[in-house]
Colleague: 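I have a structure I would like to understand better, so I am pasting it below and will then ask my questions one at a time.
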Amino acid sequence: MVVLASTPAVDHIPLLRSPDPGDYFSGMPVVDLSSPGAPRAIADACERFGFFKLVNHGVPADTMGRLESEAVRFFSLPQADKDRSGPAYPFGYGSKRIGLNGDMGWLEYLLLAVDSASLSGACAVPSCALFRAALNEYIAAVRKVAVRVMEAMAEGLGIAAVDARSGMVTAEGSDQVFRVNHYPPCHALQGLGCSATGFGEHTGPQLISVLRSNGTSGLQIALQNGQWVSVPSDRDAFFVNVGDSLQVLTNGRFKSVKHRVVANSLKSRVSMIYFGGPAMTQRIAPLPQLLGAGGQSLYKDFTWGEYKKAAYNSRLGDSRLAQFHR
Ligand code: GA4
């Protein structure tokens, strides 16, 4: 019998306790981006959870729906066709293997480079014109949302947007990444009380991430007391995460939130995530306005390029910020 090294089975994937209805997070902060209270609500959620749900964000349902259908169509292609869009690193199609150091999850995905407002011209994946068009339309829209959210964060912290570098994610040479994930149902574990890990626990290295899913649940976040809670899914909303770099910019005031995805045993989950990172040479250090009385940064100085390199040398679940703590 020939065992293909490129198709690890579920026994290579770490397991998690299956979520039950009691795990649903009842305290989810929901921010209406069109409301005057949004900046304060965003800053408050980022301090308490590093995470919030965003509604009234202005991205048309069509833009979200088109990308979802194109992604479903892509992931339904024969495996050999999808593999032609691989490997995942630096950019392209990947399956089950996450990062470069042996992490595995019950998913397949596309990891894509974003250039100014759209997919990088240098990245030929995906080759389908309709999928590329849907991606570009969605990315341009979600990127605007990311900038509005960063501006609101600054306002909520009482800092002028220009000083808070909310433009970092759109600055010349900014390092933006987009990922489309497909978590197939893991039928093999149905009824066993455990589930396959879709994407293992981690914090995002970037400034922020903006996620949307098809409405199949699976996303969990860790509260500050370490308790894992399930995020009730909502296909019309975005879910915003604070990343490690934003935690540093705010000198620890905003919390980079640990999160993970549990694969469903019955339904497919599709998610699309925009990761806003700064330019490689950008220095990541606390904003002077947030240094407080002592004026001390909690972190050693580093550039985004240095942090990203350290991230790719780490395992998914490692605490990447720990090595930059003073
Ligand atoms: C987590 C956030 C983004 O999905 C990502 C991931 C990246 C990858 O999948 O290649 C990483 C992971 C993420 C953090 C640590 C490293 C890098 C896998 C991994 C083990 C695209 C990113 O930028 O960092």
Side-chain angles (χ1 to χ4, degrees), residues 8 12-14 50-51 71 85-115 119-120 123 125 135 139 142-143 146 168-169 173-183 197-213 218-222 231 238-248 255-263 269-280 282 284 302-324:
H12 292 86
I13 311 283
F51 182 85
S85 293
Y89 296 96
F91 296 106
Y93 171 81
S95 175
K96 297 195 177 78
R97 297 173 201 282
I98 300 171
L100 308 169
N101 302 308
D103 290 292
M104 306 267 255
W106 189 254
L107 87 164
E108 55 178 345
Y109 59 90
L110 279 168
L111 199 53
L112 304 165
V114 175
D115 206 1
L119 285 182
S120 162
C123 171
V125 172
L135 279 160
I139 290 169
V142 76
R143 193 167 160 271
M168 264 189 194
V169 291
S174 61
D175 184 32
Q176 307 160 70
V177 178
F178 194 72
R179 111 176 269 152
V180 189
N181 291 328
H182 172 223
Y183 302 93
T197 303
F199 208 109
E201 67 174 77
H202 67 285
T203 60
Q206 290 85 357
L207 294 160
I208 62 168
S209 60
V210 183
L211 174 145
R212 179 195 171 252
S213 80
L219 179 62
Q220 297 190 319
I221 62 163
V231 175
F238 288 126
F239 292 90
V240 178
N241 277 345
V242 171
D244 298 343
S245 300
L246 187 54
Q247 177 169 324
V248 175
K255 304 289 183 282
S256 176
V257 63
K258 228 191 248 176
H259 55 289
R260 67 186 183 191
V261 175
V262 186
R269 173 178 163 95
V270 176
S271 63
M272 38 217 85
I273 312 134
Y274 167 87
F275 298 97
M280 287 301 188
Q282 175 69 54
I284 307 289
F302 56 87
T303 62
W304 167 243
E306 287 164 344
Y307 196 70
K308 188 168 179 174
K309 188 167 167 218
Y312 272 92
N313 282 329
S314 68
R315 293 291 300 258
L316 197 54
D318 289 349
S319 166
R320 278 168 282 282
L321 265 185
Q323 54 180 304
F324 291 93

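Just follow the structure's listing: the first ligand is 1, and inside any ligand the first atom is 1. Hydrogens, waters and symmetry mates are skipped; everything else that's a heavy atom, side chains included, is used.
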Colleague: I'd like to check R269 versus L219 (side-chain heavy atoms, cut-off strictly below 4.5 Å). Are they in contact?
Modeller: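 Side chain of R269 against side chain of L219, heavy atoms only: contact under 4.5 Å found.
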Colleague: State, yes or no, whether a side-chain contact exists between S174 and V169 at a heavy-atom distance under 4.5 Å.
Modeller: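 No, their side chains stay 4.5 Å or more apart.
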Colleague: Taking side chain as C-beta onward, heavy atoms only, is V231 less than 4.5 Å from F51?
Modeller: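 With C-beta onward as the side chain, the pair touches.
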Colleague: Measure the CG-CZ distance between L321 and F302 for me, rounded to the nearest 0.5 Å.
Modeller: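 So the CG of L321 and the CZ of F302 are separated by 6.0 Å.
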Colleague: Which distance, rounded to the nearest 0.5 Å, do you find between the OG of S314 and the CG of D103?
Modeller: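 It is 8.0 Å, given to the nearest 0.5 Å.
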Colleague: Compare R320, R179, R97 and give the one whose heavy atom is closest to atom 6 (C) of ligand 1.
Modeller: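 Closest candidate by heavy-atom distance is R179.
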Colleague: So if I count the atoms of ligand 1 from 1 in the order they appear, which ones are less than 4.0 Å from some heavy atom of Q206?
Modeller: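 Listed by number with element, the hits are 22 (C), 23 (O).
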Colleague: Report, as yes or no, whether the 6.0 Å neighbourhood of atom NZ on K255 holds more than 12 heavy atoms from other residues, nucleotides or ligands.
Modeller: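 Enclosed.
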Colleague: Under 3.5 Å, N or O to N or O, is D103 touching ligand 1 that way?
Modeller: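 There is no such contact.
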Colleague: Under a 4.0 angstrom heavy-atom cut-off, which atoms of ligand 1 come close to H202?
Modeller: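 Contacts of ligand 1 toward H202, numbered from 1: 1 (C).
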Colleague: Checking a contact table here: which protein heavy atom is nearest atom 12 (C) of ligand 1, and how many Å away?
Modeller: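 Ranked first by proximity to atom 12 (C) of ligand 1 is L316 CD1, 3.8 Å.
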Colleague: How close do G243 and S256 get, heavy atom to heavy atom, and via which atoms?
Modeller: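 Where G243 meets S256 most closely, the heavy atoms are C-OG, 3.4 Å.
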Colleague: Using a 4.0 Å cut-off to any heavy atom of L111, which atoms of ligand 1 qualify?
Modeller: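 Ligand 1 atoms under the 4.0 Å threshold to L111: 10 (O), 21 (C).
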Colleague: Could you name the option among A88, G102, A311 that has the heavy atom nearest to atom 16 (C) of ligand 1?
Modeller: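 Of the listed residues, A311 has the closest heavy atom.
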Colleague: Nearest protein heavy-atom contact for atom 13 (C) of ligand 1: which residue, which atom, what distance?
Modeller: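 Answer for atom 13 (C) of ligand 1: P205 CD, 4.2 Å.
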Colleague: Between N101 and ligand 1, find which residue part has any heavy-atom pair under 4.0 Å and reply side chain, backbone, both or neither.
Modeller: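 No part of N101 comes within reach of ligand 1.
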Colleague: Which residue and atom name correspond to the protein heavy atom nearest atom 7 (C) of ligand 1, and how close is it?
Modeller: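 Looking at atom 7 (C) of ligand 1, the protein heavy atom closest to it is Y312 OH, 3.4 Å.
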Colleague: Let me confirm one number: the OG1-CD distance from T203 to Q247, rounded to the nearest 0.5 Å.
Modeller: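 Separation between the atoms: 8.0 Å.
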Colleague: Please identify which atoms of ligand 1 are closer than 4.0 Å to at least one heavy atom of S314.
Modeller: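 Going through ligand 1 atom by atom, the ones under 4.0 Å from S314 are 20 (C).
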Colleague: Going by the order shown, which atoms of ligand 1 are within less than 4.0 Å of some heavy atom of Y89?
Modeller: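 In order of number, 8 (C), 9 (O), 10 (O).
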Colleague: With heavy-atom distances below 4.0 Å as the criterion, list the atoms of ligand 1 near F275.
Modeller: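 Reading through ligand 1 atom by atom, the close ones are 2 (C), 3 (C), 4 (O).
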Colleague: Mind listing the closest non-hydrogen atom pair of F178 and Y274 along with its distance?
Modeller: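 Answer, listing the atom of F178 first, then Y274: CD1-CA, 3.7 Å.
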Colleague: Counting non-hydrogen protein atoms only, what is the nearest one to atom 18 (C) of ligand 1? Give residue, atom name and distance.
Modeller: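 The protein heavy atom lying closest is G99 CA, 3.7 Å.
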